[in-house]
Amino acid sequence: MAHTTPAPVETAAGGNSPARAFPAKRQASRVRRQRLRAAWLFLIPMLVVLAAVAGWPLMRTIWFSFTDASFSNISDYGLVGFENYLVYDNGAWYGVLADPTWWNAVWNTLFFTVVSVGMETVLGLIIALTLNAQFRGRGWVRAATLIPWAVPTIVSAKMWGWMLHDQFGIINEMLLGIGLISQPLNWTANADLSMWAVIMVDVWKTTPFMALLTLAALQMLPSDCYEAAKVDGIHPVRVFFKVTLPLILPALMVAIIFRVLDALRVFDVIYVLTSNSADTMSMSVYARQQLVEFQDVGYGSAASTVLFLIIALLTISYLYLGRKQIGGEA
């Protein structure tokens with residue numbers, strides 16, 4: 001009768017026995033809990049400050065959007081529900097969402113965001129590729145490129161306001177000198193030019209931001225890919241679209257979403273250059289006009305709340321899509 005040899009049982013020394021696996025799991029779980037507690041310990045002070053600085057004013061703004069409060073008597077107000085947002089009365093719609101001026105501000109903001117961020121992305125990418133090359137004085141050129149970004153927005157807008165002045169501005173003098181125009185242009189008051197003037201100033205101001213983030217991504221790329229492409233004789237343009245652009249795309253998308261969120265709430269550069277002009281009025285300028293000039297706290301708070309909801313929705317959508325993409329790749 002044949003005898004079967006029992007299968008060998010791995011001991012704790014083999015590393016696969018339950019006696020060794022369970023303590024290791026408990027140790028990993030304990031370390032994970034300690035890290036979680038440490039993370040919350042560092043986050044709680046920041047969350048408290050953020051709630052005091054941003055959370056309370058935001059909640060108060062949302063609350064005022066459901067009232068008829070005004071600056072004339074801010075403490076005496078009553079609840080009006082959603083009347084500041086949208087209400088149907090006597091055969092007509094009223095509220096922020098029914099105001100043609102608001103939708104004009106929405107269109108201006110979207111146009112400004114798409115055009116300015118698109119131009120900044122392209123120019124920033126070109127500048128980053130240039131600064132990533134090896135040439136004499138590259139450090140000085142990098143420092144000079146960041147000067148527009150270092151100038152405060154109010155200062156740069158006021159500076160460009162004088163440069164674009166129809167009588168004393170250097171821009172008109174230069175264009176007249178080279179014969180491109182026959183008479184001075186009123187850049188910030190002309191309905192056909194004012195938005196493009198604002199976009200030009202914003203592009204000058206924030207292109208270095210896009211270039212800086214793109215340059216950081218370029219300098220982290222592995223060199224072996226380019227050495228292999230050089231050996232194979234691949235054209236540099238094809239290398240850019242097949243190698244460089246896909247590798248820096250995650251960093252470029254982060255820069256783009258930052259700029260989009262910043263452009264959607266643009267206020268300072270538009271208000272300094274064109275004030276409350278309907279041709280360039282953004283959503284932030286519209287909310288400020290209702291709050292400060294018309295003294296209508298409830299209506300202005302409703303406009304501010306709608307702007308906040310638009311930006312929050314875009315941010316949540318970006319984070320959700322980013323997590324899905326990472327999860328799909330994993």
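Side chain of N276 to backbone of Q289: no donor-acceptor contact under 3.5 angstrom is found. The backbone N or O of A278 sits less than 3.5 Å from a side-chain atom of N104, completing a donor-acceptor pair. Not a single donor-acceptor pair under 3.5 Å links the side chain of D268 to the backbone N or O of I154.
Just one of L247, T121, I257 meets the side chain to side chain contact (heavy atoms under 4.5 Å, CB included) condition when paired with L252; it is T121.
Annotation for F42: atom CZ does not count as buried by contact number, only 12 or fewer foreign heavy atoms lying within 6.0 Å. Enclosure of atom CD1 in I181 by more than 12 non-hydrogen atoms of other residues, nucleotides or ligands within 6.0 angstrom is indicated. For F267, the CZ atom counts as densely surrounded, since its 6.0 Å shell holds more than 12 non-hydrogen atoms of other residues, nucleotides or ligands.
Note that CG of L185 and CG of L175 are 7.0 Å apart. Values are rounded to the nearest 0.5 Å. In this structure, CH2 on W102 lies 6.0 Å from CG on L307, to the nearest 0.5 angstrom. For the atom pair CD of Q290 and CG of N84, the computed distance is 10.0 Å after rounding to the nearest 0.5 Å. Atom CG of L180 sits about 11.5 Å away from atom CG of N172, to the nearest 0.5 Å. The distance from the CG atom of L146 to the CG atom of L131 is 8.5 Å, given to the nearest 0.5 Å. Rounding to the nearest 0.5 Å places CD1 of I171 at 13.0 Å from CG of D166.
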After noting the C-alpha distance and the side-chain angles of I62 and M59, does the key distance pass the side-chain contact (heavy atoms from CB on, under 4.5 Å) rule? CA-CA 5 Å; I62 295 175; M59 293 297 105; 3.9 Å; yes

Give the intermediate values and the outcome of ring pair (Phe, Tyr, Trp, His ring centres under 6.0 Å) for residues W196 and F112. CA-CA 9 Å; W196 290 105; F112 170 84; over 10 Å; no

Walk me through it: do S282 and S284 pass the test side chain to side chain donor-acceptor pair (under 3.5 Å)? CA-CA 5 Å; S282 65; S284 296; 4.7 Å; no

Can you list the steps and then say if T61 with W56 is a side-chain contact (heavy atoms from CB on, under 4.5 Å)? CA-CA 9 Å; T61 300; W56 168 245; over 6 Å; no

Begin with the C-alpha distance, continue with both residues' side-chain angles, and end with the deciding distance and a verdict on side-chain contact (heavy atoms from CB on, under 4.5 Å) for T315 and L261. CA-CA 8 Å; T315 305; L261 297 178; 3.5 Å; yes

Please determine whether side-chain contact (heavy atoms from CB on, under 4.5 Å) holds for the pair F64 and T305, giving the CA-CA distance in whole Å, both sets of side-chain angles, and the decisive distance to 0.1 Å. CA-CA 10 Å; F64 275 134; T305 303; over 6 Å; no

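A donor-acceptor contact under 3.5 angstrom links the side chains of Y77 and W63, judged on distance only. Judged by distance alone, the side chains of Y94 and D99 never bring a donor and an acceptor atom under 3.5 Å apart. Looking at Y85 and S65, their side chains do bring a donor and an acceptor atom within 3.5 Å of each other. Side-chain N/O atoms of T280 and T274 include a donor and acceptor closer than 3.5 Å.
The aromatic rings of F66 and F82 lie perpendicular to each other, with more than 60° between the two planes, well past the 30° mark.
Both L97 and L309 belong to a common hydrophobic cluster when Ile, Leu, Val, Met, Phe, Trp and Tyr are linked at side-chain heavy-atom distances under 4.5 angstrom.
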Could you pull out every donor-acceptor pair under 3.5 Å between side chains of residues 199-217 and any protein atom, sequence neighbours left out?
unit_1, atom_1, unit_2, atom_2, d
D202, OD2, R259, NH2, 3.0
K205, NZ, P148, O, 3.4
K205, NZ, W149, O, 2.9
K205, NZ, V151, O, 2.8
T206, OG1, E120, OE1, 3.2
T206, OG1, E120, OE2, 2.6
T206, OG1, D202, O, 2.7
T207, OG1, V203, O, 2.5
T214, OG1, M210, O, 2.7

